[in-house]
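Every chain is numbered from 1 and lettered A, B, ... according to where its sequence line falls, protein lines coming before strand lines. Everything numeric in this text was worked out from a predicted model, so none of it was measured. Both backbone and side-chain heavy atoms feed into the values below; hydrogens, waters and symmetry mates do not.
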There are 2 protein chains.
Amino acid sequence: MTVDEPDEMAEQHEPDTVARRGRWRTGERSRRRILDAARALFAERGYDRATVRRIAATAQVDPAMVYYFFETKSRLFTEALALPVNPAEEVAAELSGGVDGLGERIVRHFLDVWDRAPTVEPMLALLRSAPTDERSAAMFTGYIEQEIIARIATVVPEPARLRAELVGSHLMGLLLARHVLRIEPLASTSPDTVATWMGPTLQRYLTDPAPAPDPTA
Amino acid sequence: MTVDEPDEMAEQHEPDTVARRGRWRTGERSRRRILDAARALFAERGYDRATVRRIAATAQVDPAMVYYFFETKSRLFTEALALPVNPAEEVAAELSGGVDGLGERIVRHFLDVWDRAPTVEPMLALLRSAPTDERSAAMFTGYIEQEIIARIATVVPEPARLRAELVGSHLMGLLLARHVLRIEPLASTSPDTVATWMGPTLQRYLTDPAPAPDPTA
DNA sequence: GTCTATAATTAGATAGAC
DNA sequence: GTCTATCTAATTATAGAC
């Protein structure tokens, strides 16, 4: 009963009597189980503390299998982090709606994405690993910078990148507070409510005139 | 020349000729060096990746000394995290100035504190360790919640805690972007400029009327 | 107090049988 | 494809000499 129990996310297949062609090549199932386990554990413990051994145990496969399929922990990390949705494309879609109301659309989009576990986990893994792992930091900042910040910066006034990064920093803080530290009541506040609070703020960062240098200083 | 070079943060003392009473008990110096090194390395690499060996090397003492003084890595962590300033008191001081302009005062305060290395390091250590270390998470959220959020919540309108946490989440995001991920240009933008951008946002969270439930939804 | 030596544990990775 | 066995390296931690 090690690997023969039905995989809960497999669609209906023939009973496992004969190994007819068309059934999964046997390795496929283990490979997927490993990826699922890796995603969960990287998200839960960060890159360093998510050990290959534990990932293998969670996936109910032998540790050696992990290396057989992915060669190295680092590559497993990379593959596991292949996001199930492409934030860049989705952000691009939001941007195509114009800058009017863009702030609120962006908050709503991320709140929605984060509420689907399979999409928030890779982000959490990156966020948790970035501070202590060079690869993760590069991966995280590189991705956020190039695919998200840079795109937003193309549709807002100067200082465009600063505006986009103020938005980004607030969103990262929100992710941290809601999904990592789970600070209440913020963590349990409905996406709608959060969006109505934060939307105008982000909008202000995106489109309001740059503030004059502080006259009181 | 292992431990006899002058400690750069010691005040002027007598030349180290005789061991007169009144000089440091010899262990004090090593103990302090270890704590300084621990603070720096926990902040730089997080709890897991800051190894006792490396802390000892940085402190120019033998690894065994660390265990002699602190018994366990965990206790060293706890002691090292004793914050050099008390954020709670300082936030209280800001709050005593009334809610008018409070948003900008708070940003300026934190930007100022974070620019002094000895005060930002423990915060970074907590921030980096929190996601993967139960102790750190409890330490971090517990402190932030009780000492900062709760105090702010006492002087703003309902929903007071939500308002305070929106402010807090943005500040955490700023800390992450500026000091951990070092996203440019935000990381290099002057505190003045950041304060003029963020101040009105935080002020809005603190004192503006609660937004109506989104009518477009 | 400080250090050497080392035990005990754990992690990433590989070789080779089946 | 899958597993057993094992290697190497790093790390926490301890015992005991000086």
Side-chain angles (χ1 to χ4, degrees), chain A residues 1-5 7 16 19-35 37-38 41-42 44-80 129 132-136, chain B residues 1-5 7 16 19 21 23-35 37-38 41-42 44-80 129 132-136:
Chain A
M1 76 126 100
T2 50
V3 289
D4 270 335
E5 60 187 352
D7 186 336
D16 55 353
R20 66 182 284 269
R21 200 174 10 248
R23 206 170 183 274
W24 297 339
R25 276 156 296 159
T26 62
E28 276 303 308
R29 187 159 57 181
S30 296
R31 195 188 150 88
R32 281 196 45 182
R33 296 174 71 93
I34 292 169
L35 278 175
L41 283 169
F42 282 138
E44 183 191 326
R45 308 171 72 89
Y47 184 82
D48 294 15
R49 289 168 51 91
T51 68
V52 172
R53 284 170 147 80
R54 201 177 178 89
I55 289 169
T58 303
Q60 293 177 300
V61 302
D62 190 276
M65 286 301 301
V66 177
Y67 293 101
Y68 173 76
F69 281 118
F70 301 97
E71 294 195 312
T72 165
K73 182 185 183 183
S74 172
R75 293 196 183 175
L76 170 61
F77 184 70
T78 303
E79 293 215 34
S129 306
T132 52
D133 183 71
E134 287 288 330
R135 285 172 304 245
S136 307
Chain B
M1 73 128 97
T2 52
V3 288
D4 270 336
E5 61 186 351
D7 186 337
D16 55 354
R21 199 172 12 245
R23 205 171 183 274
W24 297 338
R25 274 155 296 159
T26 61
E28 277 302 310
R29 188 159 57 181
S30 296
R31 195 187 150 88
R32 280 195 46 183
R33 296 174 71 93
I34 292 169
L35 278 175
L41 282 169
F42 281 138
E44 184 192 326
R45 308 171 72 89
Y47 183 81
D48 294 15
R49 289 169 51 92
T51 67
V52 172
R53 279 174 146 74
R54 202 176 178 92
I55 288 168
T58 303
Q60 292 176 301
V61 303
D62 189 275
M65 286 301 302
V66 178
Y67 292 103
Y68 174 76
F69 280 118
F70 301 97
E71 293 195 313
T72 165
K73 182 184 182 182
S74 171
R75 294 196 183 175
L76 169 62
F77 183 69
T78 304
E79 293 213 34
S129 307
T132 52
D133 183 71
E134 288 286 329
R135 285 172 305 241
S136 308

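- Counting to the nearest Å, the C1' atom of C:dT2 and the CZ atom of B:R29 are 13 Å from each other.
- Put simply, CG on A:L76 is 15 Å from P on C:dA11, counting in whole angstrom units.
- At whole-Å resolution of the value, CZ in B:R45 and C1' in D:dA10 are 13 Å apart.
- Annotation for A:I34 and A:I55: closest pair O-CG2, 3.9 Å, computed over non-hydrogen atoms.
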Item to complete: Any chance you could list the contact pattern along nucleotides 13-18 of chain C? Use B for base contacts, S for sugar-phosphate-only contacts and - for none, protein heavy atoms under 4.0 Å, 5' to 3'.
Response: BB----
Discussion item. Evaluate A:E79 against A:R31 for salt bridge (Lys or Arg N to Asp or Glu O under 4.0 Å), listing each step before the verdict.
Written reply: CA-CA 11 Å; A:E79 293 215 34; A:R31 195 188 150 88; 3.0 Å; yes
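- For the pair A:S30 and D:dT2, the criterion of a side-chain N or O lying under 4.0 Å from OP1 or OP2 is met.
- Between B:I55 atom CD1 and D:dA13 atom C1' the separation is 14 Å, expressed in whole Å.
- Between the P atom of D:dT2 and the CD atom of A:E28 lies a distance of 10 Å, rounded to the nearest Å.
- What separates CG of A:D62 from P of D:dA5 is a distance of 11 Å, to the nearest Å.
- By the side-chain contact (heavy atoms from CB on, under 4.5 Å) test, A:E71 is found to be paired with A:R75, residues two or more places apart in sequence or in another chain being considered.
- Between A:F42 and A:Y47, the ring planes are parallel. Angles under 30° get that label, and only those over 60° would be called perpendicular.
- Under a 3.5 Å cut-off, the side chain of B:R33 and the backbone N or O of B:A59 do form a donor-acceptor pair.
- Rounded to whole Å, the distance from CZ on A:F77 to C1' on C:dG12 is 16 Å.
- Here the side chain of A:M65 is nearest to one of C:dC3, D:dT2, C:dG12, namely D:dT2.
- A straight line from CZ of A:R33 to P of D:dT2 spans 11 Å, rounded to a whole angstrom.
- In this structure, B:L76 and B:L35 have side chains that are in contact, with non-hydrogen atoms separated by less than 4.5 Å.
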